[in-house]
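Note: hydrogens, waters and symmetry copies are ignored here, and every other heavy atom, side chains too, is used.
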Amino acid sequence: MKIAFLFPGQGAQKQNMGKSFYENDADSRAVFDSVKTVTGIDACDLIFKENDELNNTRYTQIAMVATGIAMLKAVEKTGLKADICAGLSLGEYEALYLSGAISAKDAIATVDKRGQYMSEIKGGVMSAVLSLDNDTIKSIVDGIDGCWVANYNCPGQTVISGTKEAVALAGEKLKEAGAKRVLPLKVSGAFHSGLMKEAGEKLAKVLDEITINDIQIPYVANVNAQIVTDKNDIKKNLIEQVSGSVHLEQSIRKMIEWGVDTFVEVGPGKTMAGFVKKIDSQVKMYNIEEYADVANVCSQILEAR
């Protein structure tokens, strides 16, 4: 048995995510409490109290990464260890924490700035393209200035991103080519598009200031779906990730080729589980979203192992 841990990205956030961990595990609680020290933002107010800021890119990223790392603090105590890991866009920072490459403090500090820089770039839209193959989508999108493929999520679901006019034009051409539907997404920017290049360049300066350690658990990078074991590749990957395509489908397939047969999604919702099952319905899939899931899921996997 080979186990992969997966972490969802922006869009999976919801009010009270991670609250059961905060209430039941001291180390998880410490992660949430540390956010204020690191960034000046009160994670408990942000996540556990009703407000609109949780869905604001400026703050969503901190909330998601703090929640994911807090959950991992509880999982670590069970003895269940991942053989490899990956995250969807923002979730890659949680994967990097799990890999040993960056500390919780540096992960939170970095995504604080990442969220700030990405939210400063106004304009742009994203749309989900349903039931059309990746090669056709890419060939059409590559021919339209101002439009990019943002996410290869799973068979039949790809996301495009860019200016409003370019994405609209791409949508028409994609439907003509056989796409079942092209659905506008409720987002605040054109993430993973060339419009975000400036944000990636600013992030490079932040990454220069943090410590990147040797990788203890390999992770699969969003930008190229390659297994990373050299810490010297991390900074470049994270800079490119802001404006580059997220190759999630290819990343899952890479892990399955590597021998992974069991996936554990750590975080709110079941977004990653849905994608994995559409990629390969034969693999085992578990979710850790609430504190009670930790003992249940980890004991099942450890017994099977």
Side-chain angles (χ1 to χ4, degrees), residues 4-15 17-18 46-47 54-72 85-99 102 107-108 110-119 121 124-128 148-154 157-161 185-193 196 199-200 203 219-225 234 237-252 255 263-279 285 287-289:
F5 279 25
L6 303 177
F7 304 92
Q10 189 167 335
Q13 72 275 3
K14 62 181 181 179
Q15 188 181 351
M17 61 183 182
L46 177 62
I47 303 169
L54 184 58
N55 293 317
N56 180 336
T57 295
R58 172 67 184 87
Y59 302 106
T60 306
Q61 302 198 13
I62 301 167
M64 282 292 293
V65 169
T67 298
I69 293 175
M71 291 179 177
L72 283 174
C85 55
L88 174 61
S89 184
L90 174 67
E92 190 161 323
Y93 285 84
E94 291 146 75
L96 285 167
Y97 165 76
L98 178 62
S99 77
I102 59 176
I108 291 167
T110 303
V111 298
D112 176 35
K113 295 299 183 183
R114 184 181 186 268
Q116 176 186 330
Y117 299 150
M118 291 174 69
S119 66
I121 298 174
V125 298
M126 302 177 76
S127 289
W148 294 264
V149 177
N151 297 64
Y152 297 99
N153 287 333
C154 65
Q157 186 183 129
T158 303
V159 178
I160 59 175
S161 182
L185 301 178
K186 292 181 179 180
V187 294
S188 58
F191 305 134
H192 299 292
S193 77
M196 287 287 159
L203 186 65
Y219 82 98
V220 182
N222 282 184
V223 293
N224 53 21
I234 293 174
N237 288 341
L238 292 178
I239 294 168
E240 291 182 1
Q241 186 223 55
V242 176
S243 58
S245 302
V246 174
H247 294 81
L248 180 66
E249 179 182 345
Q250 297 89 336
S251 296
I252 299 299
M255 286 186 276
F263 290 88
V264 181
E265 179 175 5
V266 180
K270 294 180 171 59
T271 303
M272 300 290 271
F275 293 151
V276 169
K277 283 301 184 181
K278 288 180 180 178
I279 294 166
M285 187 76 226
N287 287 82
I288 295 176
E289 182 174 8

Can you see which heavy atom on [X] is nearest to which on [Y], and at what distance?
X      : Y      : answer
Phe7   : Cys85  : CE1-CB, 4.4 Å
Ser243 : Ser193 : CB-O, 3.2 Å
Ala199 : Val242 : CB-CG1, 3.9 Å
Lys270 : Asn287 : CG-ND2, 3.5 Å
Gly87  : Met272 : C-CE, 4.4 Å
Gln157 : Phe275 : OE1-CE2, 3.4 Å

Do the side chains of [Y] and [X] get nearer than 4.5 Å, heavy atoms only?
X      : Y      : result
Met64  : Pro8   : yes
Tyr219 : Ile234 : yes
Met17  : Leu54  : yes

*Counting only heavy atoms not in Lys278, do more than 12 fall under 6.0 Å of its NZ?*
no
*Do Phe263 and Met255 pass the side chain to side chain contact (heavy atoms under 4.5 Å, CB included) test, and can you show the C-alpha distance, the side-chain angles, and the key distance before you say yes or no?*
CA-CA 10 Å; Phe263 290 88; Met255 286 186 276; 4.1 Å; yes
*Can you check side chain to side chain contact (heavy atoms under 4.5 Å, CB included) on Asn151 and Leu248, steps first, answer last?*
CA-CA 7 Å; Asn151 297 64; Leu248 180 66; over 6 Å; no
Check: [Y] main-chain N/O paired with [X] side-chain donor or acceptor under 3.5 Å:
X      : Y      : answer
Gln241 : Asn222 : no
Glu289 : Gly269 : yes
Thr110 : Ala107 : no
Glu249 : Tyr152 : no
Ser245 : Ala150 : no
Gln13  : Gly11  : yes

Between atom [atom1] of [X] and atom [atom2] of [Y], what is the distance when rounded to the nearest 0.5 Å?
X      : Y      : atom1 : atom2 : result
Ile69  : Ile108 : CD1   : CD1   : 5.0 Å
Leu46  : Asn56  : CG    : CG    : 9.0 Å
Ser161 : Leu185 : OG    : CG    : 9.0 Å
His192 : Trp148 : NE2   : CH2   : 14.0 Å
Leu6   : Thr271 : CG    : OG1   : 11.5 Å
Asp112 : Arg114 : CG    : CZ    : 12.5 Å

*Begin from the C-alpha positions of Glu94 and Leu98 and carry the test side chain to side chain contact (heavy atoms under 4.5 Å, CB included) through to its verdict.*
CA-CA 6 Å; Glu94 291 146 75; Leu98 178 62; over 6 Å; no
*Does any donor atom in the side chain of Gln10 or Thr57 lie under 3.5 Å from an acceptor atom in the other side chain?*
yes
*Apply side chain to side chain contact (heavy atoms under 4.5 Å, CB included) to Val220 and Ile252, showing your working.*
CA-CA 9 Å; Val220 182; Ile252 299 299; over 6 Å; no
